[in-house]
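Accompanying notes for the structure given below.
Keep in mind that what you see is a predicted model, and the values were worked out from it rather than measured. Computed from heavy atoms alone, side chains included, the values below leave out hydrogens, waters and symmetry copies.
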Amino acid sequence: MGYHPEMPSTPITTVTFDAGNTLLYCDPSPAEIYAEALGRHGRRVTAEEVEPVFALTWSDLQEQSPTGIDRYNSRPGGEKQWWGVFLREVLRRLEHEADWRPLLDELYAAFSNPEVWRVFPETLATLEGVRGRGLRMAVVSNWDRRLPEILHGLGLTDWFQTIVVSAIVGIEKPAPGIFMHALERLDVRPEETLHVGDSPLEDYDGSKAVGMTPVLIDRPGRFAGNGYRRVGRLDEILGLLD
């Protein structure tokens with residue numbers, strides 16, 4: 001169960017969604033996919049070994065890119081080279097002997113496949129409920145250029161008036177520019193727009209800063225008591241729109 005501070009008085013006409021861990025998730029997990037691939041290229045490792053290394057490397061590389069600047073274009077060669085840097089650092093920390101080049105090609109292809117992504121059980125019902133209320137929808141996501149094809153493969157594309165991807169527009173949440181880009185495409189005012197995502201910084205604070213109404217999706221209940229307008233399931237946003 002979430003926490004719902006009073007909604008603003010301006011009627012909501014548009015809902016924007018983050019993608020990862022909001023509409024969809026990876027299954028098997030990234031750590032499981034990495035562990036399986038590493039085992040084919042050398043010493044076997046478990047997902048439990050990979051997971052903390054994956055998370056730490058992700059955090060460290062995020063900190064190397066200035067806030068709001070798209071990480072995937074921050075290195076020569078674009079997003080695949082960014083993932084190459086990420087992979088080499090994971091291998092170094094695991095002290096794994098795999099050749100990173102063929103492994104990168106394999107992993108890049110694996111995460112491009114819509115079959116490793118799943119929509120949350122309530123995602124489609126939520127999208128149906130939002131559309132049934134006559135509202136428009138969009139995706140605003142920090143992701144590389146593969147996201148539109150993943151959404152298409154999952155049958156989600158037609159729900160949205162626009163899909164705004166950080167690697168394509170060159171701006172990352174929480175920077176105002178990525179939200180303003182979406183609002184301009186939709187031709188809608190920020191105060192008429194609800195944004196839903198799982199990151200307190202990127203989604204909640206970022207959208208709030210441009211005048212949108214933020215909602216934090218917090219399935220684990222990690223941010224209870226912190227004052228966020230918060231839902232535990234995506235379909236709980238429907239109650240905020242009534």
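By the side chain to side chain contact (heavy atoms under 4.5 Å, CB included) test, Arg44 pairs with no residue at all, sequence neighbours left out.
Looking at Asp203, its side chain does come within 3.5 Å of a backbone N or O of Asp198 through a donor-acceptor pair. Although no hydrogens or angles enter the test, the distance criterion places a donor-acceptor pair under 3.5 Å between the side chain of Asn73 and the main chain of Ala167. Judged by distance alone, the side chain of Arg185 and the main-chain N or O of Ile163 form a donor-acceptor pair under 3.5 Å. Between the side chain of Trp143 and the main chain of Val164, no donor-acceptor pair closer than 3.5 Å is present. With hydrogens and angles ignored, the 3.5 Å screen pairs a side-chain donor or acceptor of Arg229 with a backbone N or O of Pro214. Although no hydrogens or angles enter the test, the distance criterion places no donor-acceptor pair under 3.5 Å between the side chain of Lys208 and the main chain of Thr213. With hydrogens and angles disregarded, no donor-acceptor distance shorter than 3.5 Å links the side chain of Glu191 to the backbone of Met212. Judged purely by atom type and a 3.5 angstrom limit, Arg146 uses its side chain to pair as donor or acceptor with the backbone of Tyr108. Between the side chain of Asp218 and the backbone N or O of Arg222, at least one donor-acceptor pair lies under 3.5 Å.
Applying the side chain to side chain donor-acceptor pair (under 3.5 Å) rule to pairs touching residues 119-132 yields Glu122-Arg219, sequence neighbours excluded. The side chain to side chain donor-acceptor pair (under 3.5 Å) pairs that include a residue from residues 83-94 are Thr57-Arg93, Asp60-Arg93, Trp83-Asp144, Glu89-Arg92, Glu89-Arg93, where partners are two or more places apart or lie in different chains. Applying the side chain to side chain donor-acceptor pair (under 3.5 Å) test to every pair with at least one member in residues 45-56, sequence neighbours left out, gives these pairs: Thr46-Glu49. Residues in residues 148-188 take part in these ring-ring contact (aromatic ring centres under 6.0 Å, His included) pairs, two or more places apart or across chains: Phe179-His195. Counting only residues at least two apart or on different chains, the salt bridge (Lys or Arg N to Asp or Glu O under 4.0 Å) pairs with a member in residues 104-118 are Asp27-Arg118, Arg40-Glu106, Lys80-Asp105.
Proximity of Leu216 to Val231: side-chain heavy atoms (C-beta onward) are nowhere separated by under 4.5 Å. Using a 4.5 Å heavy-atom cutoff, the side chains of Leu241 and Val15 are in contact. Using a 4.5 Å cut-off on side-chain heavy atoms (C-beta onward), Ile12 and Glu192 make no contact. Under the 4.5 Å side-chain criterion, counting only non-hydrogen atoms from C-beta, Thr14 is not in contact with Leu183. Contact of the Val165 side chain with the Pro148 side chain is registered, since non-hydrogen atoms from C-beta on lie closer than 4.5 Å. The closest side-chain heavy-atom distance from Leu194 to Thr16 is not below 4.5 Å. The shortest side-chain heavy-atom distance between His41 and Asp99 does not fall under the 4.5 Å cut-off. Counting only heavy atoms from C-beta outward, the side chains of Phe17 and Ser141 never approach each other to under 4.5 Å.
Side-chain contact, Ser29 with Glu32: a donor N or O sits under 3.5 Å from an acceptor N or O. For the residue pair Glu172/Tyr72, the side-chain donor-acceptor check at 3.5 Å is not satisfied.
Other residues, nucleotides and ligands contribute only 12 or fewer heavy atoms inside 6.0 Å of the CG atom of Asp158. Remark: Gln64 CD is packed, more than 12 non-hydrogen atoms of other residues, nucleotides or ligands lying under 6.0 Å away.
Checked against the 6.0 Å centroid criterion, the rings of Phe86 and Phe54 qualify as a close aromatic pair.
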